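Report on the structure given below.
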Amino acid sequence: TLKSYNALPGEWRSNWVSVYTFWKNGGIKNMHNLMLSNFNKYGPIYREKIGYNNTVNIINPEDAAILFKSEGLFPERMKVKPWMAYRDHRKEKYGVLLKSGEEWRRDRLVLNKAVMSPQIIQKFVPLLNEVVLDFVSTVHKQIANSGRETWTADLSNDLFKFALESVCHILYGERLGLLQCLHNPASQKFIDSVTLMFKSTTPMLYIPPGLLKSIKSKIWQDHVAAWDTIFSHADTCIQRTYKQFHLRSKNDKEYSGVLADLLLQDMLPLDDIKASITELMAGGVDTTSMTLLWTMYELAKYPNVQENLRSEIIEANQKTQGDPLQMLKSVPLLKAALKETLRLHPVAVSLQRYTNEDIILQNYHIPVGTLVQVGLYAMGRNSEIFHKPERYNPERWLSQERTYFRNLGFGFGSRQCLGRRIAETEMLLFLIHMLQNFKIETSRLVEVRTTFDLILIPESPIMLNLKPV
Ligand code: HEM
Ligand code: 2DC
């Protein structure tokens with residue numbers, strides 16, 4: 001028999017018990033482990049209320065499938081209130097990330113053509129490849145400077161610069177020059193602001209931003225300052241492209257980036273284009289860079305996997321004579337490696353949808369309008385869902401193991417990650433060239449833990465050694 005919504009397990013009746021457990025278990029920074037232990041305690045479904053958020057949490061791929069298949073034409077995820085509060089405060093428009101309903105769908109369909117379609121991805125490949133080759137050169141230089149045939153470093157900031165340079169080359173058709181020149185204060189400020197923006201969001205997930213604003217708390221002020229920098233730097237880039245676009249001759253057919261393409265299409269009001277371009281620019285920094293860092297960390301831990309990937313890449317290189325577009329089609333194991341990284345190290349701790357109709361999950365009735373979360377981090381580490389989940393094993397995605405609704409790192413359906421194709425192409429090209437040029441090693445094999453700063457990131461610096469192959 002069907003069980004009622006109010007029969008769901010979990011401490012949802014007493015808001016304060018959850019707040020207390022939350023605090024006792026290392027608080028917000030430990031969100032991912034807390035969800036993991038909740039699934040251990042309550043089973044595959046539980047209800048929870050922390051602060052102002054009331055949610056139902058699920059972990060099984062089959063339940064995720066039910067949720068996503070019923071999402072309808074206007075899927076909505078949990079609203080990140082501080083991000084909306086900033087835009088309301090500064091009277092800025094919402095972009096595709098924060099919009100909902102018809103307006104979201106209109107923008108999203110236009111943007112899909114500009115950043116998700118296969119034809120457009122083809123245009124991105126040479127732009128991204130150029131940035132990757134510059135990154136490879138800087139690593140070679142660092143190795144030469146070291147005088148020991150090895151460069152040992154925490155690559156975080158170099159990867160941030162690489163990711164920002166990559167996304168800007170695509171958006172604006174222009175190089176910022178972050179990899180050649182040693183210091184670019186404006187871009188470094190942008191990079192630091194995106195990190196601070198994420199960091200200062202987390203406490204506000206549980207305390208209403210309106211309240212923090214009214215008491216002028218430091219967290220709200222940091223958050224505003226971070227977004228101010230993000231918006232003003234993005235605006236500088238947008239204005240520059242905008243001026244060049246109007247200087248361009250009408251019969252210039254060459255592809256010159258996403259922004260120029262959107263201006264040429266003339267399907268969206270300028271304000272809306274600006275809002276979404278700003279989101280893409282900010283969304284393009286910490287996500288791909290941290291996923292690449294985790295990938296290199298796992299490949300240092302699993303040298304055999306690294307060797308298998310390198311063999312695949314060398315073979316693909318011979319077969320295609322190094323043509324990047326063709327190479328991207330000949331590296332299935334490398335693609336599986338990215339799925340494997342996101343399984344163990346997802347950017348998003350969870351995926352969420354408001355139910356669009358009544359659904360049944362684990363034999364519980366879930367009413368329309370309920371916020372349901374898929375515990376992505378917990379799913380990736382569950383031994384009933386993945387065989388030997390602690391092992392970094394890209395092969396699992398190409399073998400007999402079940403993959404149904406398990407590759408969810410970028411979300412699902414029409415509201416999935418808008419930067420997905422950019423991110424995948426950028427990361428594949430990066431790994432193709434890096435693995436052809438360098439061996440990745442660590443001197444001390446220390447387990448690096450994860451921390452939640454809105455996105456999941458390494459808790460401590462990851463030191464890697466890069467050596468010429
Ligand atoms: C949304 C993951 C990189 C821009 C999302 C979502 C996830 C995600 C899980 C929510 C999807 C859903 O609710 O179904 C990732 C991962 C990345 C990545 C794992 C890299 C490894 C990027 C990049 C950009 C970007 C590079 C920008 C260039 C966005 C935007 C949305 C989004 C704009 C909101 C889309 C909408 O609401 O319609 N991402 N992301 N992401 N991401 Fe990404
Ligand atoms: C954070 O409980 C935890 O891709 C919350 O590139 C629920 C939640 C809601 C939305 C998620 C967010 C989590 C993590 C970061 C995500 C975000 C949607 C988009 C965003 C997953 C899981 C991200 C990183 C975008 C950010 C673009 C922004 C900088 C303009």
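All figures in this text were calculated on a predicted structure; none of them were measured in a lab. Hydrogens, waters and symmetry mates play no part in the numbers below; they use all other heavy atoms, side chains included. First listed ligand is number 1; within each ligand, the first listed atom is number 1.
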Identify the two heavy atoms, one from [X] and one from [Y], that lie closest to each other, and give their separation to 0.1 Å.
X	Y	result
Asn184	Leu176	ND2-O, 4.0 Å
Val56	Tyr5	CG2-CE1, 3.7 Å
Ile273	Leu268	CD1-O, 3.6 Å
Leu408	Ala64	CD1-CB, 4.2 Å

Give a yes/no verdict on whether any heavy atom in [X] is under 4.0 Å from an atom of ligand 1.
X	value
Met290	no
Glu424	no
Gln416	yes

Look only at the side chain of Thr55 and the backbone of Val372, and say whether a donor-acceptor pair between them is shorter than 3.5 Å. no
Under a 3.5 Å distance rule, please check whether Glu279 uses its side chain to pair with a backbone N or O of Gly95 as donor and acceptor. yes
Region of [X] engaging ligand 1 - heavy atom pairs below 4.0 Å:
X	value
Leu342	side chain
Met427	side chain
Gln352	neither
Leu351	side chain
Phe412	backbone

What is the nearest protein non-hydrogen atom to [atom], stated with its residue, atom name and distance?
atom	result
atom 21 (C) of ligand 1	Thr291 OG1, 3.2 Å
atom 28 (C) of ligand 2	Leu97 CD2, 3.8 Å
atom 14 (O) of ligand 1	Arg353 NH2, 2.7 Å
atom 27 (C) of ligand 2	Gly283 CA, 3.7 Å
atom 34 (C) of ligand 1	Leu97 CD1, 3.5 Å
atom 10 (C) of ligand 1	Arg77 NE, 3.6 Å
atom 2 (C) of ligand 1	Gly409 O, 3.6 Å

I want to know whether [X] and [Y] have ring centres closer than 6.0 Å.
X	Y	value
Tyr377	Phe452	no
Trp294	Tyr297	yes
Phe39	Tyr46	yes

For [atom], state whether the nearest protein heavy atom is under 4.0 Å away.
atom	answer
atom 7 (C) of ligand 2	yes
atom 17 (C) of ligand 2	no
atom 30 (C) of ligand 2	yes
atom 25 (C) of ligand 2	no
atom 14 (C) of ligand 2	yes

Ligand 1 to Trp104 polar contact by distance, N or O atoms, under 3.5 Å: yes
May I ask you to list the protein N, O or S atoms found at less than 2.8 Å from atom 43 (Fe) of ligand 1? Cys417 SG
Does NZ or CZ of Arg87 come closer than 6.0 Å to the centre of the six-membered ring of Trp227, within 45° of the ring's axis? yes
Side chains of [Y] and [X]: any donor to acceptor distance under 3.5 Å?
X	Y	answer
Gln244	Arg240	no
Glu71	Asn356	no
His89	Lys213	yes
Thr341	Thr295	yes
Tyr94	Asp272	no

Tell me which one of [options] gets a heavy atom nearest to [atom].
atom	options	result
atom 22 (C) of ligand 2	Gly419, Ser276, Ser350	Ser350
atom 28 (C) of ligand 1	Leu280, Val349, Asn112, Leu408	Leu280
atom 10 (C) of ligand 2	Glu279, Met197, Arg77	Arg77
atom 37 (O) of ligand 1	Arg415, Glu71, Glu76	Arg415

List ligand 1 atoms under 4.0 Å from [X], heavy atoms only on the residue side.
X	value
Arg108	35 (C), 36 (C), 38 (O)
Val96	36 (C), 37 (O), 38 (O)
Gly284	26 (C), 27 (C)

Could I get the full list of side-chain contact (heavy atoms from CB on, under 4.5 Å) partners for Arg77, not counting sequence neighbours? Leu97, Gln352, Arg353, Arg415
